2 protein chains.
Amino acid sequence: MESQDLRKVGLKVTLPRLKVLEILETSDQRHMSAEDVYKALLEMEEEIGLATVYRVLTQFEGAGLVSRLSIDGGHAVFELEDGTHHDHLLCVRCNGIEEFVDEVIEQRQRAIAKQKGFEMTEHSLYIYGICRKCQESQ
Amino acid sequence: MESQDLRKVGLKVTLPRLKVLEILETSDQRHMSAEDVYKALLEMEEEIGLATVYRVLTQFEGAGLVSRLSIDGGHAVFELEDGTHHDHLLCVRCNGIEEFVDEVIEQRQRAIAKQKGFEMTEHSLYIYGICRKCQESQ
DNA sequence: GTGTAAATGAGAAAAGTTTTCATTTATATT
DNA sequence: AATATAAATGAAAACTTTTCTCATTTACAC
Ligand SMILES: [Mn+2]
Ligand SMILES: [Mn+2]
Ligand SMILES: [Zn+2]
Ligand SMILES: [Zn+2]
């Protein structure tokens, strides 16, 4: 019952919001660009404008429902927030995304920030490479 | 003698290329956007188009003379390549950039890629925060 | 059911970067 | 030194991703 999720964060329950949420929950890709979401909506015959998709995703981000990854050449992907921090591996061949958590890295980052006198607010870490599947297929 | 540097990497010796190189070498900021370089050129009375600045920086990157950081909100900064890898701390208040090297993180990244079956090609790591100077000034 | 504030859609705008194409320039060859 | 030519440049247009504007529609408190 997603309507409650929306009300809980102070957002009116509208069709675009419900549908975007539905796409994020049911898509087989966990990480989706606004364009991906928009196209998935078109495929389910929902005529929701791209501007609205961006708006809704940004609001969801503000509400803590989704998080946004800012990938290299300035385009963002979104994923449902699951409450746990993780970082990403990006396949440069198929653009697939995998996740990882590494406490050693997390801790070293805090140590570096401290050592440099930074009050750390966040970090962004991406490992680029060729995923297993892409290596196998030639 | 930068002319040799250019010839060495197969680039014709032109005024825009020499001047962009000069800016990168003499500016007090090690990390500069294309716009920064463009403005610095204007200040030294060199009428070099922004498109040329982008072209030259991209060629320099291809030639291994500079490296490009792709910062969050989709705008790039460039720095002279010094042959050694390092990562960056970004101040969210003054946009200042500091550098660090951490072998533990480097090694953990390789371990994670290996564990996930990735053939790692590169990585990008940014620590965001408020730098010492900005903390002190209020 | 109504009123009102909020949300939406369509298109314009913004920001950063790349491309196009006519003109200029560097350099290899005479 | 003059010439030929492939490459580089400048200016403007195009592009990409995202945000904004504003007229219209919708959700929901009353
Ligand atoms: Mn993720
Ligand atoms: Mn650097
Ligand atoms: Zn892959
Ligand atoms: Zn600062």
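A quick note: this is a predicted structure, and the numbers were derived from the prediction, not measured. Letters go in sequence order (proteins before strands), and every chain restarts at 1.
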Could you give the distance from SG (B/Cys131) to CG (B/Leu89), rounded to the nearest 0.5 Å? 10.0 Å
Can you give me the bend angle of the helix from C/dG1-D/dC30 to C/dT30-D/dA1? Use the axis through the first five pairs and the one through the last five, nearest 10 degrees. 20°
Do any side-chain atoms of residues 111-118 of chain B form donor-acceptor pairs under 3.5 angstrom with protein atoms, and if so which ones, sequence neighbours left out?
| unit_1 | atom_1 | unit_2 | atom_2 | d |
| --- | --- | --- | --- | --- |
| B/Lys116 | NZ | A/Glu99 | O | 3.0 |

Sorted by position of nearest nucleotide on DNA chain C, 5' first, the leading residue of B/Ala34 and A/Gly10 is A/Gly10
B/Leu15 CG to D/dT9 C1': how many Å, rounded? 11 Å
Could you check how far CG of A/Asp36 sits from C1' of D/dT18, rounded to whole Å? 15 Å
Protein-nucleotide distance (B/Gln59, atom CD; D/dT9, atom C1'), rounded to Å: 10 Å
side-chain N/O B/Thr14 vs D/dA7 OP1/OP2, d < 4.0 Å: no
In whole angstrom, what separates A/Tyr54's OH from D/dT19's P? 7 Å
Note: with side-chain heavy atoms under 4.5 Å as the link, the other cluster members for B/Tyr128 come out as B/Leu69, B/Ile71, B/Val77, B/Leu90, B/Val92, B/Ile97, B/Tyr126, B/Ile130
note: A/Ile71, atom CD1; D/dT17, atom P; distance rounded to Å ~ 12 Å
Sequence neighbours left out, what pairs pass salt bridge (charged side-chain N to carboxylate O under 4.0 Å, His left out) with at least one residue falling in residues 77-96 of chain A? A/Arg30-A/Glu79, A/Arg30-A/Asp82
Determine which pairs satisfy ring pair (Phe, Tyr, Trp, His ring centres under 6.0 Å) with at least one residue from residues 21-44 of chain A, sequence neighbours left out, and list them in order. A/His31-A/His88
What donor-acceptor contacts under 3.5 angstrom involve side-chain atoms of residues 41-57 of chain A, with partners at least two apart or in another chain?
| unit_1 | atom_1 | unit_2 | atom_2 | d |
| --- | --- | --- | --- | --- |
| A/Thr52 | OG1 | A/Arg55 | NH2 | 3.2 |

Tell me which residues in residues 17-33 of chain B lie within less than 4.0 Å of DNA chain D, going by non-hydrogen atoms. B/Arg17
Going by salt bridge (charged side-chain N to carboxylate O under 4.0 Å, His left out), name the pairs with one or both residues in residues 117-138 of chain B, residues two or more places apart or in two chains. none
State, without any angle test, whether A/Glu35 and A/His75 hold a side-chain donor-acceptor pair at a distance under 3.5 Å. no
Rounded to the nearest 0.5 Å, how far apart are CD of A/Glu98 and CD1 of A/Ile127? 11.0 Å
Rounded to the nearest 0.5 Å, what separation is found between the OG atom of A/Ser3 and the NZ atom of A/Lys12? 14.5 Å
Tell me, please, which residues at least two apart from B/Ser33 pass side-chain hydrogen bond (donor to acceptor under 3.5 Å, both in side chains). B/Asp36
Interatomic distance, B/His75 NE2 vs D/dT16 C1' [rounded to whole Å]: 17 Å
Please list each protein N or O that sits under 3.5 Å from an N or O in nucleotides 10-13 of chain D, with the distance.
| unit_1 | atom_1 | unit_2 | atom_2 | d |
| --- | --- | --- | --- | --- |
| D/dG10 | OP1 | B/Glu47 | O | 3.2 |
| D/dG10 | OP2 | B/Gly49 | N | 3.3 |
| D/dG10 | OP2 | B/Thr52 | OG1 | 2.6 |
| D/dG10 | N7 | B/Arg55 | NH2 | 2.7 |
| D/dG10 | O6 | B/Arg55 | NH1 | 3.3 |

Could you tell me which residues satisfy side-chain hydrogen bond (donor to acceptor under 3.5 Å, both in side chains) with B/Thr58, sequence neighbours excluded, listed by chain and number? B/Arg68
Heavy-atom contact window of chain A on DNA chain C, given 5' to 3' at under 4.0 Å: C/dA5 to C/dG11
Does B/Arg17 use its side chain to pair, donor to acceptor, with the backbone of B/Leu11 at less than 3.5 Å? no
